Participant: 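I'd like to ask you about the structure that follows.
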Amino acid sequence: MDYVLKTEGLTKQYGRHTVVDHVDMHVEKGDIYGFIGKNGAGKTTFMRMVAGLAAPAEGSMELFGSPELEKQRLRIGSLIEHPGLYGKMTARENLEAVRRSLGITEKNAVEDMLDFVRLSGTGKKKVKNFSMGMKQRLGIAIALFCSPDFLILDEPINGLDPAGIKEIRDLLLRLNRERQMTILISSHILGELSKIATRYGIIKDGVLIEEFGAKELELKCQRCQKLVVDDVDRAVAVLEEKCHITNYDVPQAGVIRIFEGLDRSWAVNRELIRQDIKVKESYLAGQDLEGYFMDLLGNGQAPQGETPKNRRRPFTLGGKHA
């Protein structure tokens, strides 16, 4: 596997408090890796260790398949916490200062970057008068100036209005598709993250509790009628011959999941009982993206595959920094 980032047992402590607890993360080349966790879960601290801004207490890390971290970090661009911008300067002046500090000699480097993040029309407008979305795009531009292969972004869309969120989302997709850039991004806005992420990692109380791909998440959240029966072979025959159902699977012994005709689940139950098949359990399973993440990140988990009733949570995990 071609990993851009691989950690084993990465741990960070402040005094007696363990902020990041033996994290094993795997970010593959080309991923947009959505890093999800509540406020204080350890996301920002983990990103700081990857970027070299904090030292781990224990554990190991490889970047681009190499343990030579200082050398490989030259291939990383990062925007962690707030972008460091000069408010009394224009976007062009901010980027010009970065260009000089990095020793970049290309004449059009600043103009090209302004065009890429769509800030070329800001002219003499001071950064202090920019919208939050414009500031975030300028911060990302600074992170991109070294032409990184790996971009680390900590809550880049937090606090933005819908238009600003879309601008950042479109920018990240362009980076990933046009420049084949691998991106590690943390966010509390789960709905937006699900529009771009190809892989996810969920961190809770400093522990990375699960990693999975976008397709796996779709399957985890897919709605279905879940049946527990005494005779799966006979039940499957009834589904096909009597109920004309073909979109189903048998994930484990005694369990059938049906992915069609969910509004007529009662009819399926009735037909199975008519055919002397014991239906031990029958319920609608699966949940939305928010429900799945909140179950993992909450104090407890709902029954496997079951949607908790009367859930009314905002589609955000709240807070800014990990």
Side-chain angles (χ1 to χ4, degrees), residues 1 3-14 16-28 31-51 54 56-62 80 152-155 157-158 182-222 251-252 285-308 311 313-322:
M1 200 68 70
Y3 291 122
V4 168
L5 171 64
K6 180 180 178 181
T7 69
E8 293 185 2
L10 204 67
T11 302
K12 180 64 176 178
Q13 297 170 324
Y14 291 106
R16 296 182 179 180
H17 181 51
T18 301
V19 181
V20 176
D21 192 355
H22 295 87
V23 167
D24 298 345
M25 180 181 281
H26 308 83
V27 180
E28 297 178 23
D31 272 344
I32 298 180
Y33 189 109
F35 196 24
I36 300 167
K38 290 183 178 180
N39 186 37
K43 302 186 303 298
T44 298
T45 300
F46 179 86
M47 289 178 155
R48 287 175 59 84
M49 286 192 287
V50 175
E58 58 181 281
S60 63
M61 183 192 320
E62 289 185 358
I80 299 176
I152 300 175
L153 301 174
D154 182 26
E155 301 281 4
I157 60 176
N158 192 49
T182 304
I183 301 170
L184 172 61
I185 173 174
S186 69
S187 179
H188 291 92
I189 306 176
L190 304 181
E192 287 300 324
L193 197 58
S194 69
K195 294 176 182 177
I196 62 172
T198 59
R199 188 166 176 78
Y200 299 89
I202 300 179
I203 190 169
K204 178 181 178 182
D205 299 329
V207 178
L208 192 68
I209 59 177
E210 193 168 359
E211 284 187 310
F212 47 81
K215 291 184 178 179
E216 293 175 72
L217 177 61
E218 185 177 341
L219 290 175
K220 290 173 185 288
C221 295
Q222 189 171 2
Q252 62 192 77
Q287 55 194 165
D288 60 17
L289 176 65
E290 176 195 14
Y292 181 74
F293 285 135
M294 294 304 289
D295 282 343
L296 287 176
L297 293 167
N299 294 325
Q301 292 190 358
Q304 182 66 32
E306 191 172 30
T307 306
R311 185 191 307 279
R313 295 190 179 99
F315 207 49
T316 175
L317 297 178
K320 167 66 178 78
H321 299 307

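All values derive from a computational prediction rather than experimental measurement. Any value given below was found using the heavy atoms of this structure, including those in side chains, with hydrogens, waters and symmetry copies removed.
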Participant: Which residues satisfy the side-chain hydrogen bond (donor to acceptor under 3.5 Å, both in side chains) test with E28, sequence neighbours excluded?
Facilitator: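 Applying side-chain hydrogen bond (donor to acceptor under 3.5 Å, both in side chains) to E28 gives none.
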Participant: Less than 4.0 Å between a side-chain N and a carboxylate O, is that true for E192 and K195?
Facilitator: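 Yes, this pair counts.
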Participant: For E58, check side-chain contact (heavy atoms from CB on, under 4.5 Å) against everything at least two apart and list the hits.
Facilitator: T11, H22
Participant: What are the two closest heavy atoms between L10 and P56, and how far apart are they?
Facilitator: CD1-CB, 3.8 Å
Participant: Could you tell me which residues satisfy side-chain hydrogen bond (donor to acceptor under 3.5 Å, both in side chains) with D31, sequence neighbours excluded, listed by chain and number?
Facilitator: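 Result, side-chain hydrogen bond (donor to acceptor under 3.5 Å, both in side chains) vs D31: T198.
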Participant: Among T45, D154, L153, find the residue that satisfies the side chain to side chain contact (heavy atoms under 4.5 Å, CB included) test when tested with I80.
Facilitator: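 With I80 as partner, side chain to side chain contact (heavy atoms under 4.5 Å, CB included) holds for just one option, D154.
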Participant: Where the side chain of D24 meets the backbone of G9, is there a donor-acceptor pair that is under 3.5 Å apart?
Facilitator: yes
Participant: The criterion is ring pair (Phe, Tyr, Trp, His ring centres under 6.0 Å); which residues satisfy it with Y3, sequence neighbours excluded?
Facilitator: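 Here the qualifying residues are H26.
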Participant: Quick one, R199 and E211 - any side-chain contact, counting heavy atoms below 4.5 Å?
Facilitator: yes
Participant: What is the minimum heavy-atom distance between A214 and A197, and which atoms define it?
Facilitator: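 Nearest pair, atom of A214 first, then A197: CB-O, 3.7 Å.
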Participant: What is the distance from atom OH of Y33 to atom CG of L184, rounded to the nearest 0.5 Å?
Facilitator: 7.5 Å
Participant: Partners of K12 by salt bridge (charged side-chain N to carboxylate O under 4.0 Å, His left out), sequence neighbours excluded?
Facilitator: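 Checked K12 against salt bridge (charged side-chain N to carboxylate O under 4.0 Å, His left out); zero matches.
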Participant: Could you go through M49 and V20, starting from their C-alpha distance and side-chain angles, then the distance that decides it, and tell me whether this counts as side-chain contact (heavy atoms from CB on, under 4.5 Å)?
Facilitator: CA-CA 10 Å; M49 286 192 287; V20 176; 3.9 Å; yes
Participant: Going by side-chain hydrogen bond (donor to acceptor under 3.5 Å, both in side chains), name the residues that satisfy it together with S60, two or more places apart in sequence or in a different chain.
Facilitator: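 Partners of S60 by the side-chain hydrogen bond (donor to acceptor under 3.5 Å, both in side chains) criterion come out as none, since no residue qualifies.
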Participant: Can you see which heavy atom on T182 is nearest to which on V4, and at what distance?
Facilitator: OG1-CG2, 3.6 Å
Participant: I'd like to know whether E62 forms a side-chain contact (heavy atoms from CB on, under 4.5 Å) with L5, so could you lay out the CA-CA distance, the side-chain angles of the two residues, the decisive distance to 0.1 Å, and finally the verdict.
Facilitator: CA-CA 6 Å; E62 289 185 358; L5 171 64; over 6 Å; no
Participant: Step by step, work out the side-chain contact (heavy atoms from CB on, under 4.5 Å) result for S187 and I36.
Facilitator: CA-CA 6 Å; S187 179; I36 300 167; over 6 Å; no
Participant: Is it true that F46 and F35 have ring centroids separated by less than 6.0 Å?
Facilitator: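 Judged by ring-centre distance (under 6.0 Å), F46 and F35 do meet the cut-off.
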Participant: Run M25 and K6 through side-chain contact (heavy atoms from CB on, under 4.5 Å) and show every step you take.
Facilitator: CA-CA 6 Å; M25 180 181 281; K6 180 180 178 181; over 6 Å; no
Participant: Among residues at least two apart in sequence or on other chains, which ones pass salt bridge (charged side-chain N to carboxylate O under 4.0 Å, His left out) with E216?
Facilitator: none
Participant: State which residues pass side-chain hydrogen bond (donor to acceptor under 3.5 Å, both in side chains) with E210; sequence neighbours excluded, sorted by chain then number.
Facilitator: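 Partners of E210 under the side-chain hydrogen bond (donor to acceptor under 3.5 Å, both in side chains) test: K220, Y292.
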Participant: Taking the side chain from S186 and the backbone from E155, do they hold a donor-acceptor pair closer than 3.5 Å?
Facilitator: yes
Participant: What's the separation between atom CD1 in I185 and atom CD1 in I152, rounded to the nearest 0.5 Å?
Facilitator: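 Going from the CD1 atom of I185 to the CD1 atom of I152 covers 12.0 Å.
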